[in-house]
**Q** 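Sharing a structure here in structure tokens format.
Quantities reported herein were computed from a predicted structural model and do not represent experimental measurements. No hydrogens, no waters, no symmetry mates; every other heavy atom, side chains included, goes into these values.
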Amino acid sequence: MSHTVLPRTGPAPAPRGRIGAGFSPVPHRYRLYLRADCPRSRQVAAALAVLGLEDSVATTVLGTGTGAGTDIGSGSGTGSGIESAGYTALRLAYEAAGHHFDGTVTVPALVDTWSGRIVSDHTPDILDDLHFLAGHPAFRKAA
């Protein structure tokens, strides 16, 4: 019996990985991509600060745009070279998460810098993961 592989006809699956379930809780391993004008990004940034993870989880704040859940494109628009590099890095992380990823690139997004892949772009999961990291012994600050 032969199997036929059909091309994908629906949208690309959303990246919904979790730290602790496939991604190890290691300081300096993760990067958050946020946007200054995005309410969800501001919520994630506030949690990062309240939980004291600012020194353990890197952050890239991308330029202004239309907010969460919106395709932010390839970053080829106007902006500084650093900002453009942020958009490019985020797009590459999405592509690394799924072969020939053609879905929407959104923020906030949590990226595993070791593998270069998106962990999640689902805000509630990102917030839960940040709380998990804050309670993990490797992330506790020395007294």
Side-chain angles (χ1 to χ4, degrees), residues 3 5-143:
H3 295 282
V5 178
L6 299 173
R8 182 177 42 169
T9 58
R16 296 286 296 270
R18 299 301 302 269
I19 296 175
F23 294 94
S24 302
V26 178
H28 311 291
R29 177 175 179 169
Y30 300 97
R31 175 174 295 278
L32 282 166
Y33 285 87
L34 308 171
R35 289 192 61 159
D37 63 341
C38 170
R40 292 179 181 165
S41 290
R42 287 194 299 267
Q43 183 181 12
V44 170
L48 193 69
V50 167
L51 295 170
L53 295 172
E54 293 168 309
D55 294 335
S56 299
V57 179
T59 305
T60 297
V61 179
L62 303 173
T64 60
T66 55
T70 302
D71 185 352
I72 61 173
S74 63
S76 58
T78 60
S80 70
I82 293 171
E83 183 177 305
S84 222
Y87 283 102
T88 300
L90 182 57
R91 166 58 73 183
L92 291 173
Y94 270 94
E95 290 174 358
H99 184 66
H100 298 295
F101 179 84
D102 59 358
T104 302
V105 175
T106 63
V107 291
L110 180 63
V111 174
D112 172 19
T113 60
W114 289 3
S115 68
R117 297 181 308 170
I118 293 284
V119 174
S120 181
D121 61 2
H122 185 65
T123 303
D125 287 353
I126 293 171
L127 293 171
D128 286 346
D129 284 345
L130 292 178
H131 280 91
F132 175 78
L133 291 178
H136 194 276
F139 287 81
R140 292 195 186 124
K141 295 188 185 226

**Q** Which atoms form the tightest heavy-atom contact between A47 and L130, and what is the distance?
**A**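 Nearest pair, atom of A47 first, then L130: CB-CD1, 4.4 Å.
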
**Q** For the residue pair L90 and T60, establish whether any side-chain heavy-atom pair is separated by less than 4.5 Å.
**A** no

**Q** Check the orientation of H136 and F139. Use parallel for under 30°, tilted for 30 to 60°, and perpendicular for over 60°.
**A** perpendicular

**Q** Which residues pass the side-chain contact (heavy atoms from CB on, under 4.5 Å) test with A45, not counting sequence neighbours?
**A**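 Counting only residues at least two positions away or on another chain, A45 forms a side-chain contact (heavy atoms from CB on, under 4.5 Å) with L34.
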
**Q** Return the minimal non-hydrogen interatomic distance between I126 and P108, and the atom names on each side.
**A** CD1-O, 3.7 Å

**Q** Determine the minimum heavy-atom distance between A36 and V61, stating which atoms define it.
**A** N-CG1, 3.8 Å

**Q** Could you report the tightest heavy-atom contact between G116 and A96, atom names first, then the distance?
**A** O-CB, 3.6 Å

**Q** With a 3.5 Å distance limit and no angle check, can you tell me whether S56 reaches the backbone of H28 through a side-chain donor-acceptor pair?
**A** no

**Q** Tell me the closest heavy-atom pair linking D37 and G63, and the distance in Å.
**A** OD1-O, 4.4 Å

**Q** Quick check against the 3.5 Å criterion: does Y94 have a side-chain atom that pairs as donor or acceptor with the backbone of T106?
**A**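 Yes; at least one donor-acceptor contact below 3.5 Å.
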
**Q** Please find the pair of heavy atoms, one from S120 and one from H122, that lie closest to each other, and give the distance.
**A**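 In terms of heavy atoms, the two residues are closest at OG-N, 3.1 Å.
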
**Q** Any side-chain donor paired with an acceptor under 3.5 Å for D129 and Y30?
**A** no

**Q** Restricting to side chain to side chain donor-acceptor pair (under 3.5 Å), what partner residues turn up for S115, sequence neighbours left out?
**A** D112, R117

**Q** Between CG of L110 and CG of L133, what distance do you get to the nearest 0.5 Å?
**A** 8.0 Å

**Q** Among residues at least two apart in sequence or on other chains, which ones pass side-chain contact (heavy atoms from CB on, under 4.5 Å) with A58?
**A** R31

